Structure formats: structure tokens, C-alpha cells
Enquirer: 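Pasting a structure below so you can have a look.
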Amino acid sequence: MKKAQFLTPVVSAFDSEGNLDYQANKNIYDFLINGGVDGLVIMGSTGEFSFMEDAQKKELIDLAVSYVNHRTKVYIGTACMTVEDTVQLSNYAIDAGADGVMIISPYYYYLSDESVEFYFDQLAPRVKGDIYLYNYPARTGHDLSPEVTLNLLRKHKNIKGYKDTVTEMGHTRKLIQTVQKEFPDFIIYSGFDENFAHNVLSGGNGCIGGLSNIYPEVFSAWVNAINAKDLKKVADIQSIVDKMMELYDFGPTFIPFTKQAMVSRGIRLEGYCQKPLIQPNEELTESINMLLQELDARIVQVIPDYKSVLA
């Protein structure tokens, strides 16, 4: 079993006009680092990258890399709709000091396996640092298959890992089994929080999950429990996370609910999203707060000092 990791796909903090809120983003980074997560992924799906212009993306890259200042790993989502734009933004992030970039294939059009492989073949040799592939078929309309991944690994030494945002662990398991014999150091993360333990037990490396924006100390405790082979604690935290997953059920886009939950926990941000995403109404906010209260009661029984990260 590999050493487990849990990384946070970080929310991006904006003001009411859609500009970056510098102080709020710094507050979030400090909160997550103090909470013990193993790394930050800036401008993933949770970070609203698809709503941001190029200049704002570069502004956030500079802020995140400089402020985190090697206190934890920083990876940047650099996916754009063209190869040229993706290469340009990826190299900007690498030059700024990011530890690697995470790239999802172009979305909207359904792509064949050949097209997906061709896309990464075109950009990988031109990116000056480590690349993590990002598979999210619910958003792209196509799958980055285990077979295509193996072909890419045989050609491009800078492709280091893969985030598999699928509900079916069978897909992730097949990916692990397909590549691990030939590439045992290839890093494979799940994209849904509840799949973390299953991922590691199947030979993967852990998870990049959005709920760790709210409860980083819970997920770092989960990592510690599985690395210590404390099966009871792993199971106890699995039960908490299974309940926490209800946050995804409040609406089709979970980012506003994640931000509201962070505000309710006491993290200093306003909770604004980029248009057209809107903040939860009073009824939804009350439902979120009720879920947090139930989670708090459960968490304190397993991790008694978990709120200390807010101090």
C-alpha cells in the first residue's frame, strides 16, 4: 500500500465584482496548510477556472505560488481549449514556481481516444514541468481511458500523475492495474472525497477532493489513519465523509455551497462566485448550517481537537 495523500482543489475567492480577493485567498491557503492537507490544486474545477480570463489566471498563479512559498505543494490547473493556450499558461505556472500543472482535455466536443491522445502528445513535450492528467468525463463528455494513459506514459516522462473524477471506482482500479506494473511510481488520485480509502487500498495514492476546503483537518486525520493502518479510525472517518458528501446534493454546482460552508466555519471570505454562479439563499444556507452542526457532533467524537485549526 502506497503512502496516502489528500490534496485540496482550492476554491478561488472573489469580491462582488468578480475580482480576486487577495486577502481572502491568503486566508484560505493558510487555513488549508494549517489543516494539514498534502498540497493545493489552484484553478481546478472547484476553483472556477472556466470562468476566468487569462490575465486573472496569471494573477492568481502569482499570488498562490508566492504566498504559499513552499509550505506545501502547489499545482495549477492550466487547461484551455487550445493546445497553444494550454502550453503557454502551463509554462507560465512552471516559471512562477508551481510544482506541476493539472490539465483536463478540451470540453464541449466529444473526442475519440485518438483525439485525446493527440491533444496530450502535442502539449506534453512543450510543457517545461510535471503534468498531471485530469479525467472528468461528466464535464468533458469523453473518457481518458487507462489504455490511452499507458500510451502517453510510454512517450512522455513528464506526465507524473492522474486525477480520476468518476464515481465508479472500477474505472480507477482498472487504471491502477493497467499502468502500475510498468510505471509503479505513477500517481493516481480519485476526484470524489468518499473514494479516498478505496483508492489507496487498491494501490492508488489518495484523493484530490473539494470537501477538504471545509474540513482539511478531517481529511489529514484520515490520511494519518490509513498510513498508520488504523482501520477503526479509517472506518469512523469514512462514515463522517459519507455524511459530508450530502453537500453535493444541494444543487447541480457545489462551489457556492462549499464557499458558504467555509464562511459558516469561520474562514474569512465573502463567498462570492463568478457569474452565473450565485450564492445560496437563506433556506439553503440554513440547510448547510444544519449539516455542519451534525458533522461537528460526529467529528468531535473522532477528532476531539479538530477546531483548533481555526484558532
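As the structure is a computational prediction, the values presented were derived from the model and not from experiment.
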Enquirer: Applying salt bridge (Lys or Arg N to Asp or Glu O under 4.0 Å), name anything that partners K155, two or more places apart in sequence or on another chain.
Expert: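 Only E117, D121 meet the salt bridge (Lys or Arg N to Asp or Glu O under 4.0 Å) criterion with K155.
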Enquirer: Atom CD1 in I188, atom CG in D164: separation rounded to 0.5 Å?
Expert: 8.0 Å
Enquirer: Does atom OH (Y22) have a neighbourhood of more than 12 heavy atoms from anything else shown, all under 6.0 Å?
Expert: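 Yes.
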Enquirer: With rounding to the nearest 0.5 Å, note down the distance linking CZ in F14 to CG in L269.
Expert: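 Between atom CZ of F14 and atom CG of L269 there are 11.0 Å.
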Enquirer: Rounded to the nearest 0.5 Å, what's the gap from CG on L20 to CD on E59? Could you check?
Expert: 4.5 Å
Enquirer: Is it true that the side chains of S239 and D236 contain a donor and an acceptor less than 3.5 Å apart?
Expert: no
Enquirer: Quick one: list whatever passes salt bridge (Lys or Arg N to Asp or Glu O under 4.0 Å) with E147, sequence neighbours left out.
Expert: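 E147: salt bridge (Lys or Arg N to Asp or Glu O under 4.0 Å) contacts with K174.
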Enquirer: Drop me the distance from R268's CZ to D30's CG, to the nearest 0.5 angstrom.
Expert: 8.5 Å
Enquirer: Using atom types as modelled and distance alone, determine if a side-chain donor or acceptor of K259 lies under 3.5 Å from a backbone N or O of S12.
Expert: yes
Enquirer: Are more than 12 heavy atoms, taken from residues, nucleotides or ligands other than L201, located less than 6.0 Å from that residue's CG atom?
Expert: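 Counting other residues, nucleotides and ligands, CG of L201 exceeds 12 neighbours.
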Enquirer: Can you find a side-chain donor-acceptor pair between D296 and Y215 that sits under 3.5 Å?
Expert: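 On atom types as modelled, these side chains qualify, holding a pair under 3.5 Å.
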Enquirer: Identify, with sequence neighbours excluded, every residue that meets side chain to side chain donor-acceptor pair (under 3.5 Å) alongside Y189.
Expert: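 By the side chain to side chain donor-acceptor pair (under 3.5 Å) rule, Y189 matches Q5.
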Enquirer: For E114, enumerate each residue passing the side chain to side chain donor-acceptor pair (under 3.5 Å) test, keeping only those at least two apart in sequence or located in another chain.
Expert: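 By the side chain to side chain donor-acceptor pair (under 3.5 Å) rule, E114 matches S112.
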Enquirer: Does N281 use its side chain to pair, donor to acceptor, with the backbone of E283 at less than 3.5 Å?
Expert: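 Yes, the answer is positive, given that a donor and an acceptor are paired below the 3.5 Å cut-off.
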Enquirer: Is there a side-chain contact between P137 and V166, using heavy atoms and a 4.5 Å cut-off?
Expert: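 Side chain of P137 against side chain of V166, heavy atoms only: contact under 4.5 Å found.
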Enquirer: The criterion is side-chain contact (heavy atoms from CB on, under 4.5 Å); which residues satisfy it with L277, sequence neighbours excluded?
Expert: E48, F51, T253, I255, P256, C273
Enquirer: List for me each residue that meets side chain to side chain donor-acceptor pair (under 3.5 Å) alongside S45, sequence neighbours excluded, and say none if there are none.
Expert: Y134
Enquirer: State yes or no: do V10 and L211 share one hydrophobic cluster built from I, L, V, M, F, W and Y residues joined by side-chain heavy-atom distances below 4.5 Å, directly or via other members?
Expert: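 Yes, it is one cluster - the side chains of V10 and L211 are joined through contacts under 4.5 Å.
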Enquirer: Testing M244, M245, E246 for side-chain contact (heavy atoms from CB on, under 4.5 Å) with Y248, which one passes?
Expert: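 So the option named by the test is M245.
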Enquirer: Do I103 and V101 have side-chain heavy atoms sitting under 4.5 Å apart?
Expert: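 They are in side-chain contact.
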